[in-house]
Protein chains: 2
Amino acid sequence: MTAKLRRPAMTFTITQLCREFGATARALRYYEDQGLLAPARQGMARVYSYRDRARLQIILNGKRVGLSLAEIRDILSLYGQGDGEVAQNALALRKFRERIVAFERQRQEIDEAIDELRRASARMEQRLAEQQGDRQVA
Amino acid sequence: MTAKLRRPAMTFTITQLCREFGATARALRYYEDQGLLAPARQGMARVYSYRDRARLQIILNGKRVGLSLAEIRDILSLYGQGDGEVAQNALALRKFRERIVAFERQRQEIDEAIDELRRASARMEQRLAEQQGDRQVA
DNA sequence: TAACTGATTGACGTTCACGTAAAGGGAAGG
DNA sequence: CCTTCCCTTTACGTGAACGTCAATCAGTTA
């Protein structure tokens, strides 16, 4: 019966979360505008629960690995809705794999660009050497 | 004395260059706005020389390896100004090397993100397996 | 009561490389 | 003369994720 006190029913203000996660208030409000967060209100002020805090954690993790806010929203929309956990995990897994594929392609492109830059640099050095030679001769 | 005819003094219209390089007219005009090109005019119409064509080639190559239009403009501003060739090549070499460093860092970040996604995916699979197990049991 | 602190909303600004109308000029051909 | 075609300019729109005011409100402190 006292199980509801197992966790302190603590809440967070926007600046607390910002400091904790190194984000800005503008960002959190933007996530809310985009439907990724929906904190309670006390009058006008936002009141973030542990649940909101967990969602924010997911958002920031998602961003770090290159997910767009829209993708993160899709995942979060399944967060903690009865048996939605399975669906959420499955969706997250799909998104992760898509991201891996996209990243690998991007990496491939970068590698090609680097190769090309290396070749171009080598040519440049060659020409510079020749041009310097011309100067000496001239 | 006929040396000036060594190359046919041919010129190009904007759509010719677009077709040849697979660009759009809007893009070429934008490069001009940004000071990367300055074709001659015949009345209102732009007339591109071989020189302009060569510049365009440099622009597109630069873009392909990740240079910004501003950086390309810097390089082009030294293009064929008396002994500017040396300076141009030296500048291009610097830009190339900067780009290589930036790309390598970007590649590093991508690798880290991929690693993290792989670990997260593994955890997800694990949990999904457990959740499926729960279902069987229940 | 006034100032200060922390929060809110709304709305425009930013970056980059163009895309996309809208409205028109000018020459060639029928 | 009219159409067709190529070309022009001006100017606003796009996308992502916020930054940056500006004006306002609510509660606490001096």
Checklist line | Any residue meeting ring pair (Phe, Tyr, Trp, His ring centres under 6.0 Å) with Phe12(A), in chain and number order, not counting sequence neighbours | finding: Tyr50(A)

Margin query: I need the Met124(A) CE to Leu117(A) CG distance, nearest 0.5 Å.
Written below: 10.5 Å

Note to self: With a 4.5 Å cut-off on side-chain heavy atoms, are Ile58(B) and Gln88(B) touching?
What the structure shows: yes

Notebook entry, point to check: Honestly curious: do Met10(B) and Ile14(B) fall in one hydrophobic cluster under the side-chain, below-4.5 Å linking rule?
Noted result: yes

Checklist line | Residue pair Pro39(A) / Val47(A), side-chain heavy-atom distance below 4.5 Å | finding: no

Checklist line | Between Gln108(B) and Glu104(B), a side-chain donor and acceptor under 3.5 Å | finding: no

Note to self: Using heavy-atom distances to pick each residue's nearest nucleotide on DNA chain C, tell me which of Met44(B) and Leu67(B) is more 5'.
What the structure shows: Leu67(B)

Next item on the list: Examine distances only and state if a side-chain atom of Arg55(B) and a backbone atom of Leu36(B) form a donor-acceptor pair shorter than 3.5 Å.
Entry: yes

Note to self: Between C1' on dC18(C) and CG on Leu69(B), what's the gap in Å once rounded to a whole number?
What the structure shows: 9 Å

Note to self: Is there a side-chain contact between Thr24(B) and Tyr30(B) in this structure, where contact means two heavy atoms from C-beta onward sitting under 4.5 Å apart?
What the structure shows: no

Check: Leu28(B) and Ala23(B): which non-hydrogen atoms are nearest, and at how many Å?
Finding: CD2-CB, 4.2 Å

Note to self: Main chain of Val86(B), side chain of Asn89(B): is a donor-acceptor contact present, judged purely on distance under 3.5 Å?
What the structure shows: no

Checklist line | Between P of dA17(C) and CG of Leu56(B), the distance in whole Å | finding: 15 Å

Next item on the list: Compute the bend angle of the helix from dT1(C)-dA30(D) to dG30(C)-dC1(D) from the end axes (five pairs per end), rounded to 10°.
Entry: 40°

Note to self: Checking Gln34(A) now: which residues fulfil side chain to side chain donor-acceptor pair (under 3.5 Å) with it, not counting sequence neighbours?
What the structure shows: none

Note to self: At a heavy-atom distance below 4.0 Å, which nucleotide of DNA chain D is the first touched by chain A, and which is the last?
What the structure shows: dA17(D) to dT20(D)

Checklist line | Sub-4.0 Å heavy-atom contacts from residues 25-43 of chain B onto DNA chain C, ordered by number | finding: Arg26(B), Ala27(B), Tyr30(B), Tyr31(B)

Note to self: With side-chain contact (heavy atoms from CB on, under 4.5 Å) as the criterion, how do Ile114(A) and Arg118(A) come out once you've worked through the C-alpha distance, each side chain's angles and the decisive distance to 0.1 Å?
What the structure shows: CA-CA 6 Å; Ile114(A) 288 178; Arg118(A) 289 229 169 90; 3.4 Å; yes

Check: Just checking, Arg99(B) and Phe103(B): is the charged tip under 6.0 Å from the six-membered ring centre and within 45° of the axis?
Finding: yes

Notebook entry, point to check: Residues from residues 12-23 of chain B sitting under 4.0 Å of DNA chain D, heavy atoms only?
Noted result: Thr13(B), Ile14(B), Thr15(B)

